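Computed from a predicted model, the values in this text were never measured in an experiment.
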Amino acid sequence: MTFDDILGDIEEVEIIAKGRGVDVRRRLNHRYGRGQWRKLKGFATVQFADGSVWYTEVHWYEAHGIGRVDPKEKHRIRRIA
Amino acid sequence: MNYVRSIADHGVSLRAGAIYRVLPPEANDGNLLRIADETSGEAGSEGGYLFPADYFEVVHADELDMHATSAATVHLSPTLYGILRAEALVANQSISTLLRTWIDERLDLPVEATS
(Lines give C-alpha, C1' and ligand atoms only; values in the text may rest on other atoms or scores of the structure.)
Protein backbone atom coordinates (compact mmCIF):
# COMPACT_ATOMS: atom_id res chain seq x y z
CA MET A 1 0.00 0.00 0.00
CA THR A 2 1.00 3.65 -0.27
CA PHE A 3 -0.16 6.74 1.56
CA ASP A 4 -2.07 7.68 -1.61
CA ASP A 5 -4.36 4.70 -0.94
CA ILE A 6 -5.51 6.20 2.36
CA LEU A 7 -8.87 7.98 2.23
CA GLY A 8 -9.12 10.83 4.71
CA ASP A 9 -7.05 11.11 7.85
CA ILE A 10 -5.27 8.50 9.90
CA GLU A 11 -6.98 8.18 13.27
CA GLU A 12 -5.74 7.28 16.75
CA VAL A 13 -2.13 7.87 15.83
CA GLU A 14 0.40 6.78 18.39
CA ILE A 15 4.15 6.32 18.54
CA ILE A 16 5.10 2.69 19.13
CA ALA A 17 8.87 2.97 18.84
CA LYS A 18 11.52 5.63 18.61
CA GLY A 19 15.27 5.99 18.71
CA ARG A 20 16.96 2.70 19.48
CA GLY A 21 13.57 1.03 19.49
CA VAL A 22 13.48 1.43 15.71
CA ASP A 23 15.60 -1.55 14.76
CA VAL A 24 15.67 -0.64 11.06
CA ARG A 25 16.83 2.95 11.64
CA ARG A 26 20.12 2.33 9.80
CA ARG A 27 18.23 1.11 6.76
CA LEU A 28 15.85 4.06 7.02
CA ASN A 29 18.81 6.45 7.18
CA HIS A 30 20.41 4.83 4.17
CA ARG A 31 17.24 4.78 2.10
CA TYR A 32 15.61 8.07 3.04
CA GLY A 33 18.27 10.14 4.76
CA ARG A 34 19.43 10.57 8.32
CA GLY A 35 16.67 11.37 10.77
CA GLN A 36 15.27 10.81 14.22
CA TRP A 37 13.02 7.96 13.15
CA ARG A 38 9.86 7.01 14.92
CA LYS A 39 7.52 4.11 14.25
CA LEU A 40 3.83 4.98 14.41
CA LYS A 41 0.52 3.21 14.16
CA GLY A 42 -2.97 4.38 13.40
CA PHE A 43 -6.25 3.42 11.83
CA ALA A 44 -7.33 4.49 8.36
CA THR A 45 -9.78 3.83 5.57
CA VAL A 46 -7.73 2.38 2.71
CA GLN A 47 -8.74 1.69 -0.87
CA PHE A 48 -6.90 -1.23 -2.42
CA ALA A 49 -6.06 -2.05 -6.02
CA ASP A 50 -8.94 -4.52 -6.26
CA GLY A 51 -11.39 -1.72 -5.45
CA SER A 52 -12.14 -2.90 -1.94
CA VAL A 53 -12.13 -0.42 0.89
CA TRP A 54 -11.15 -1.51 4.37
CA TYR A 55 -10.81 0.10 7.78
CA THR A 56 -7.25 -0.94 8.51
CA GLU A 57 -4.58 -0.69 11.15
CA VAL A 58 -1.48 0.74 9.49
CA HIS A 59 2.10 1.19 10.68
CA TRP A 60 4.72 3.51 9.20
CA TYR A 61 7.94 5.37 9.94
CA GLU A 62 8.37 9.09 10.22
CA ALA A 63 11.18 11.56 10.75
CA HIS A 64 11.11 15.34 11.01
CA GLY A 65 12.13 16.92 7.72
CA ILE A 66 11.67 13.65 5.84
CA GLY A 67 8.04 12.83 6.47
CA ARG A 68 6.14 9.57 6.48
CA VAL A 69 7.49 6.50 4.73
CA ASP A 70 6.87 2.78 4.36
CA PRO A 71 3.20 2.35 5.25
CA LYS A 72 2.23 -1.26 5.92
CA GLU A 73 -0.98 -3.08 6.73
CA LYS A 74 -1.15 -4.69 10.14
CA HIS A 75 -4.78 -5.78 10.31
CA ARG A 76 -7.82 -5.36 8.10
CA ILE A 77 -10.51 -4.62 10.65
CA ARG A 78 -13.72 -4.31 8.65
CA ARG A 79 -14.69 -3.98 5.03
CA ILE A 80 -16.42 -0.76 4.09
CA ALA A 81 -16.93 -1.33 0.34
CA MET B 1 3.93 -22.61 2.10
CA ASN B 2 6.22 -21.75 4.98
CA TYR B 3 8.91 -19.65 3.33
CA VAL B 4 8.80 -17.20 0.45
CA ARG B 5 11.42 -15.12 -1.34
CA SER B 6 10.86 -11.41 -1.95
CA ILE B 7 11.07 -10.56 -5.65
CA ALA B 8 12.01 -6.91 -5.05
CA ASP B 9 12.85 -4.39 -2.34
CA HIS B 10 9.85 -2.84 -0.61
CA GLY B 11 10.89 0.06 1.59
CA VAL B 12 12.93 -1.21 4.50
CA SER B 13 10.58 -4.11 5.15
CA LEU B 14 11.47 -6.52 2.36
CA ARG B 15 14.78 -7.07 0.57
CA ALA B 16 15.04 -8.46 -2.93
CA GLY B 17 16.07 -12.11 -2.83
CA ALA B 18 15.64 -12.49 0.93
CA ILE B 19 13.62 -15.37 2.33
CA TYR B 20 10.88 -14.70 4.86
CA ARG B 21 8.66 -16.88 7.00
CA VAL B 22 4.95 -16.91 6.20
CA LEU B 23 2.94 -16.60 9.41
CA PRO B 24 -0.51 -18.09 10.09
CA PRO B 25 -3.24 -15.94 8.57
CA GLU B 26 -5.66 -13.92 10.67
CA ALA B 27 -9.27 -13.02 10.00
CA ASN B 28 -9.72 -10.77 6.95
CA ASP B 29 -6.21 -11.45 5.59
CA GLY B 30 -7.82 -12.84 2.42
CA ASN B 31 -5.27 -13.57 -0.30
CA LEU B 32 -2.56 -11.49 1.34
CA LEU B 33 0.43 -13.12 3.01
CA ARG B 34 1.27 -12.39 6.63
CA ILE B 35 5.04 -12.08 6.70
CA ALA B 36 7.69 -11.83 9.42
CA ASP B 37 9.59 -9.08 7.60
CA GLU B 38 12.86 -7.21 8.20
CA THR B 39 11.28 -5.32 11.10
CA SER B 40 10.54 -8.47 13.11
CA GLY B 41 11.52 -7.98 16.73
CA GLU B 42 10.61 -4.30 16.65
CA ALA B 43 7.69 -3.04 18.71
CA GLY B 44 4.46 -3.50 16.79
CA SER B 45 5.90 -6.14 14.45
CA GLU B 46 4.58 -9.10 16.43
CA GLY B 47 2.36 -11.19 14.21
CA GLY B 48 3.91 -9.82 11.02
CA TYR B 49 2.55 -7.56 8.31
CA LEU B 50 0.34 -8.09 5.26
CA PHE B 51 1.82 -8.06 1.77
CA PRO B 52 0.40 -9.04 -1.65
CA ALA B 53 1.30 -12.59 -2.59
CA ASP B 54 2.72 -11.41 -5.93
CA TYR B 55 5.55 -9.69 -4.06
CA PHE B 56 7.02 -13.14 -3.50
CA GLU B 57 7.98 -16.42 -5.06
CA VAL B 58 7.68 -19.72 -3.26
CA VAL B 59 10.86 -21.34 -1.91
CA HIS B 60 10.93 -24.82 -3.39
CA ALA B 61 12.24 -27.98 -1.77
CA ASP B 62 14.75 -28.65 -4.55
CA GLU B 63 16.57 -25.42 -3.66
CA LEU B 64 17.67 -27.10 -0.44
CA ASP B 65 19.77 -29.55 -2.42
CA MET B 66 21.86 -26.79 -3.96
CA HIS B 67 25.58 -26.84 -3.23
CA ALA B 68 26.26 -25.26 0.15
CA THR B 69 27.89 -21.90 -0.61
CA SER B 70 26.48 -19.81 2.23
CA ALA B 71 27.92 -19.87 5.74
CA ALA B 72 26.71 -18.66 9.10
CA THR B 73 29.14 -17.69 11.86
CA VAL B 74 28.10 -18.27 15.46
CA HIS B 75 30.23 -16.99 18.35
CA LEU B 76 30.12 -19.30 21.35
CA SER B 77 31.70 -19.37 24.77
CA PRO B 78 34.57 -21.89 24.98
CA THR B 79 32.47 -24.11 27.24
CA LEU B 80 29.50 -24.12 24.90
CA TYR B 81 31.75 -24.85 21.93
CA GLY B 82 33.23 -27.71 23.94
CA ILE B 83 29.79 -29.13 24.66
CA LEU B 84 28.87 -28.85 20.98
CA ARG B 85 32.06 -30.68 20.04
CA ALA B 86 31.30 -33.37 22.64
CA GLU B 87 27.85 -33.88 21.12
CA ALA B 88 29.41 -34.13 17.67
CA LEU B 89 31.79 -36.81 18.95
CA VAL B 90 28.88 -38.80 20.43
CA ALA B 91 27.01 -38.51 17.16
CA ASN B 92 30.18 -39.45 15.22
CA GLN B 93 29.69 -36.41 13.06
CA SER B 94 31.48 -33.18 12.38
CA ILE B 95 30.11 -30.12 14.15
CA SER B 96 28.88 -28.79 10.80
CA THR B 97 27.00 -32.00 10.02
CA LEU B 98 25.49 -32.08 13.51
CA LEU B 99 24.27 -28.49 13.20
CA ARG B 100 22.80 -29.16 9.75
CA THR B 101 20.93 -32.13 11.24
CA TRP B 102 19.58 -29.97 14.06
CA ILE B 103 18.55 -27.30 11.55
CA ASP B 104 16.69 -29.88 9.49
CA GLU B 105 14.90 -31.13 12.61
CA ARG B 106 14.06 -27.65 13.89
CA LEU B 107 12.86 -25.89 10.74
CA ASP B 108 9.69 -26.76 8.87
CA LEU B 109 11.49 -26.82 5.56
CA PRO B 110 9.74 -27.21 2.18
CA VAL B 111 9.33 -30.82 1.08
CA GLU B 112 8.98 -32.21 -2.39
CA ALA B 113 5.42 -33.00 -3.36
CA THR B 114 4.70 -36.72 -3.70
CA SER B 115 2.61 -37.79 -6.65
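Neither the backbone nor the side chain of A/V69 comes within contact range of chain B; no heavy atom of the residue lies under 4.5 Å from a heavy atom of that chain. Both the backbone and the side chain of A/R27 have a heavy atom closer than 4.5 Å to some heavy atom of chain B.
In this structure, B/Y49 is a member of the same hydrophobic cluster as B/L33, with clusters built from ILVMFWY side-chain heavy atoms closer than 4.5 Å. The hydrophobic cluster containing A/V58 also contains A/W54, counting ILVMFWY residues as joined when their side-chain heavy atoms lie under 4.5 angstrom apart, directly or transitively. Cluster annotation: A/I80 and A/V46 are assigned to distinct hydrophobic clusters (Ile/Leu/Val/Met/Phe/Trp/Tyr, side-chain heavy-atom contacts under 4.5 Å, transitive). Put simply, B/W102 and B/I95 are part of the same group of oily side chains (I, L, V, M, F, W, Y) that touch within less than 4.5 Å, one to the next. Placement of B/L98 and B/L80 within a single hydrophobic cluster is found when ILVMFWY residues are connected by side-chain heavy-atom separations under 4.5 Å, directly or transitively.
With 3.5 Å as the limit, one finds a donor-acceptor pair spanning the side chains of A/K39 and B/S45.
Here the shortest heavy-atom pairing between A/D70 and B/V12 reads OD2-N, 2.7 Å. When every heavy atom of A/I16 is checked against every heavy atom of B/A43, the shortest pair comes out as O-CB, 3.4 Å. Closest heavy-atom contact between A/I77 and B/N28: O-ND2, 3.2 Å.
Rounding to the nearest 0.5 angstrom, the gap separating the NZ atom in A/K74 from the CZ atom in B/R34 is 6.0 Å. How far CZ of A/R76 is from CG of B/L50: 6.5 Å, rounded to the nearest 0.5 Å. In this structure, CZ on B/F51 lies 9.5 Å from CD on A/E73, to the nearest 0.5 angstrom. Here the CD-CG distance, from B/E38 to A/D23, works out to 11.0 Å after rounding to the nearest 0.5 Å. The CE atom of A/M1 lies 11.5 Å from the CG atom of B/L32; values are rounded to the nearest 0.5 Å. Put simply, OG on B/S13 and OH on A/Y61 are 5.5 Å apart, with the number rounded to the nearest 0.5 Å.
The backbone N or O of A/H75 sits nowhere less than 3.5 Å from a side-chain atom of B/E26 that would complete a donor-acceptor pair.
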Query raised in the report: Are A/K72 and B/D37 close enough, and set up right, to give a side-chain contact (heavy atoms from CB on, under 4.5 Å), and what steps lead you there?
Result: CA-CA 11 Å; A/K72 296 188 290 187; B/D37 68 7; 2.7 Å; yes
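By the 6.0 Å contact criterion, CG on B/D54 is enclosed, its count of non-hydrogen atoms from other residues, nucleotides or ligands being greater than 12.
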